[in-house]
Amino acid sequence: MTTGPIRKQIWLFTIPIMLGILLQQLYNTVDSVIVGNFVGENALASVGTSAPVTALFVAIATGMSTGCSIIISQMFGAKQTANIKKAVATALILNTALGLVFTVVAYAATNVIFSKLLNLDAALLDDAVTYFHIYSLGLVFQFLYNIAAAILRSVGDSKASLYFLLAASVTNMLLDLLLIICFRMGVAGAAVATVISQFIACVLSLVYMHRKYEMLRLTRAELKYDPEMGKLALRLGIPAAMQQCVVSLGQITVQRLVNTMGMTSGYAAAARIESFVLIPILGFNTGMATFSGQNIGAKRTDRVREGLKVTQTMGLSCCLVLGVLVFWLAPKLVALFGVGGFGLSVGTSYLRFCAPCYLIFCGYMITNAVMQGAGDVNYTTFNSLSGLAIRCVFAYALAFLTPVSYAGLWVSVPISWGYSLVLSILRYRGKKWLAKSVVS
């Protein structure tokens with residue numbers, strides 16, 4: 001992506017990423033729709049409460065993969081092919097080890113997370129614990145899939161992982177129907193289906209990467225951990241993981257407030273819908289980070305600036321259309337999850353308030369992606385973490401100290417996103433991010 005028409009390259013590169021994110025979202029959404037309609041609203045609330053927790057661990061996997069992909073994309077842009085295999089081997093070993101560690105941590109901490117951290121109602125606790133205990137066993141596959149997909153994107157291949165996710169999503173849906181409806185396994189069936197699907201995506205992506213690209217094909221002798229490369233991957237990956245975790249941590253913090261105020265099912269449905277609306281933004285964020293990384297490596301900062309303008313235009317256009325559709329269809333969308341009454345009112349109110357705010361989130365995420373691809377991960381992490389803190393403070397203060405009550409949950413959203421947008425614009429215009437390249 002260091003030469004040629006920018007708009008076409010970014011669009012063609014980003015579409016498969018968006019479709020891949022869509023398919024990833026379908027894992028838990030299919031679970032939620034089937035569970036909500038065939039098991040019950042309490043079961044839906046249990047699975048919905050699990051969503052921000054599962055997203056947290058996925059965010060860690062995605063962030064660590066992002067750190068590795070920054071290195072590989074800049075090496076690819078700089079044509080340093082001799083170092084790429086070393087970086088790939090280190091990335092695979094590092095993420096496998098992290099996946100195993102977090103599998104153990106997630107399984108062991110399940111009861112504490114749901115009973116203490118999220119303050120989940122006793123009527124929902126057993127199903128939530130059952131679902132997440134099983135789900136956590138597949139985290140190592142999630143880590144491996146994410147690093148394989150990130151490596152492929154680093155060298156310009158965003159289509160392959162889409163096909164693997166498609167196969168996994170179809171498997172997930174069929175297994176959901178079989179295990180929940182036919183075998184009446186309830187939320188346990190939904191979790192088992194998800195783990196099997198993650199395993200399929202992991203295996204397919206690793207086999208494809210090995211067979212398709214010689215520069216990514218490793219022999220046993222080459223599959224070695226390089227300490228210096230590992231340190232660099234961690235230096236970039238840990239801040240990136242923290243940044244990726246911000247959204248999930250915000251959801252967990254807000255989820256506790258949601259559970260306390262008794263509106264779990266309505267908010268769970270709205271959060272699922274919002275996860276789909278944000279897909280174009282997340283896709284353009286990933287695409288812009290890769291585009292920035294390759295062009296920083298190739299010393300083409302002029303293309304980075306032009307790429308930002310082009311990507312912002314495309315992203316804001318998508319958000320405008322989706323925001324209008326969500327505002328108009330909000331009640332029908334929430335009702336798809338089997339939610340009615342007060343839950344339907346809560347979900348509808350949240351979506352209609354936040355629909356115009358997606359434009360702010362788009363501007364922030366795409367601008368942040370430029371610095372992320374350049375390797376300026378410490379600043380982007382500070383931006384995201386401080387934005388999270390602002391959201392949490394305003395959400396709780398507005399909910400408990402003002403007449404807006406639970407509506408404070410969504411009033412805090414544009415406040416935090418607006419703050420992060422301002423910080424990202426100031427950093428971009430200051431140009432300090434240009435000195436953060438990890439390759440010479």
Side-chain angles (χ1 to χ4, degrees), residues 1 5-30 51 55 58-59 61-63 65-66 69 73 142 145-146 148-170 172-173 197-198 201 204-205 208 243-244 247-248 271-294 307-326 329 333 354-355 357-370 372-373:
M1 291 193 286
I6 293 176
R7 182 180 299 275
K8 181 179 179 180
Q9 286 183 339
I10 291 178
W11 187 244
L12 291 178
F13 182 76
T14 303
I15 287 177
I17 296 174
M18 292 180 188
L19 293 174
I21 298 172
L22 171 63
L23 291 174
Q24 284 184 312
Q25 295 292 352
L26 283 174
Y27 279 120
N28 285 327
T29 302
V30 168
V58 172
T62 304
S65 300
T66 298
S69 71
S73 64
Q142 186 71 250
Y145 166 75
N146 272 278
I151 290 169
L152 290 169
R153 285 194 301 268
S154 298
V155 299
D157 188 345
S158 60
K159 294 180 181 178
S161 55
L162 169 63
Y163 302 139
F164 309 143
L165 278 174
L166 178 60
S169 295
V170 171
N172 183 60
M173 181 180 67
S197 302
Q198 289 172 340
L204 290 175
S205 58
Y208 172 85
Q243 182 183 340
Q244 291 286 338
V247 175
S248 299
R272 284 276 182 241
I273 295 161
E274 184 175 73
S275 69
F276 282 95
V277 178
L278 298 181
I279 285 173
I281 302 174
L282 298 177
F284 282 124
N285 172 269
T286 302
M288 187 65 227
T290 302
F291 182 87
S292 173
Q294 288 194 9
L308 176 60
K309 294 177 185 177
V310 168
T311 307
Q312 286 284 25
T313 301
M314 293 189 291
L316 291 172
S317 299
C318 289
C319 286
L320 183 61
V321 172
L322 290 173
V324 170
L325 289 175
V326 166
L329 298 173
L333 292 172
C354 289
C357 304
Y358 300 140
L359 295 169
I360 304 173
F361 187 65
C362 178
Y364 151 53
M365 288 293 285
I366 293 175
T367 306
N368 238 27
V370 174
Q372 182 178 306

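Fair warning: this is a prediction, and the values are worked out from it, not measured in the lab.
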Would a 4.5 Å heavy-atom cut-off, applied to side chains only, mark Met288 and Met365 as touching? no

Nearest 0.5 angstrom please: Gln372 CD to Ser292 OG, how far? 9.0 Å

Going by distance alone, is a donor N or O of one side chain under 3.5 Å from an acceptor N or O of the other, for Asn285 and Tyr364? no

Would you check if Thr311 and Leu308 make a side-chain contact, meaning some heavy-atom pair closer than 4.5 Å? no

Any side-chain heavy atom of Leu278 sitting closer than 4.5 Å to one from Phe361? yes

So, using side chain to side chain contact (heavy atoms under 4.5 Å, CB included) as the criterion, who are the partners of Leu204 when residues are at least two apart? Phe164, Ala167, Ile200

Looking only at the side chains, is there a donor atom on one of Gln294 and Ser154 sitting less than 3.5 Å from an acceptor on the other? no

Distance, nearest 0.5 Å, that separates OG of Ser161 from CG of Leu19: 10.0 Å

Which distance, rounded to the nearest 0.5 Å, do you find between the OG of Ser197 and the CE of Met173? 10.5 Å

Should Phe13 and Ile10 count as side-chain neighbours, where that means a heavy-atom distance under 4.5 Å? no

Let's go through Phe291 and Ile6 carefully: what are the C-alpha distance in whole Å and the side-chain angles of both, what is the deciding distance for side chain to side chain contact (heavy atoms under 4.5 Å, CB included) to 0.1 Å, and is it a yes or a no? CA-CA 9 Å; Phe291 182 87; Ile6 293 176; 3.9 Å; yes

Are side-chain heavy atoms of Leu165 and Tyr145 found at a separation under 4.5 Å? yes

At what distance, to the nearest 0.5 angstrom, does CG of Leu162 lie from CE of Met18? 12.5 Å

Ignoring hydrogens and angles, tell me if any N or O in the side chain of Asn146 forms a donor-acceptor pair with the backbone of Gln142 under 3.5 Å. yes

Report yes if the side chains of Ser158 and Leu152 come closer than 4.5 Å at any heavy-atom pair, otherwise no. no

Taking the side chain as C-beta and beyond, is there a heavy-atom pair between Phe284 and Ile17 under 4.5 Å? no

Of the non-hydrogen atoms in Gly287 and Thr14, which two are nearest, and what is the gap between them? CA-OG1, 4.0 Å

Check Gln312 against Cys362 and note the closest heavy-atom contact, atom names and distance. OE1-O, 3.8 Å

Nearest-0.5 Å distance, CG of residue Leu316 to CD1 of residue Ile366: 6.5 Å

To the nearest 0.5 Å, what is the distance between NZ (Lys159) and CD1 (Ile15)? 9.5 Å

Hey, does Ser69 have a side-chain heavy atom less than 4.5 Å from the side chain of Arg153? no

I would like to know whether Tyr358 and Val277 meet side chain to side chain contact (heavy atoms under 4.5 Å, CB included); could you show each step before the answer? CA-CA 8 Å; Tyr358 300 140; Val277 178; 3.5 Å; yes

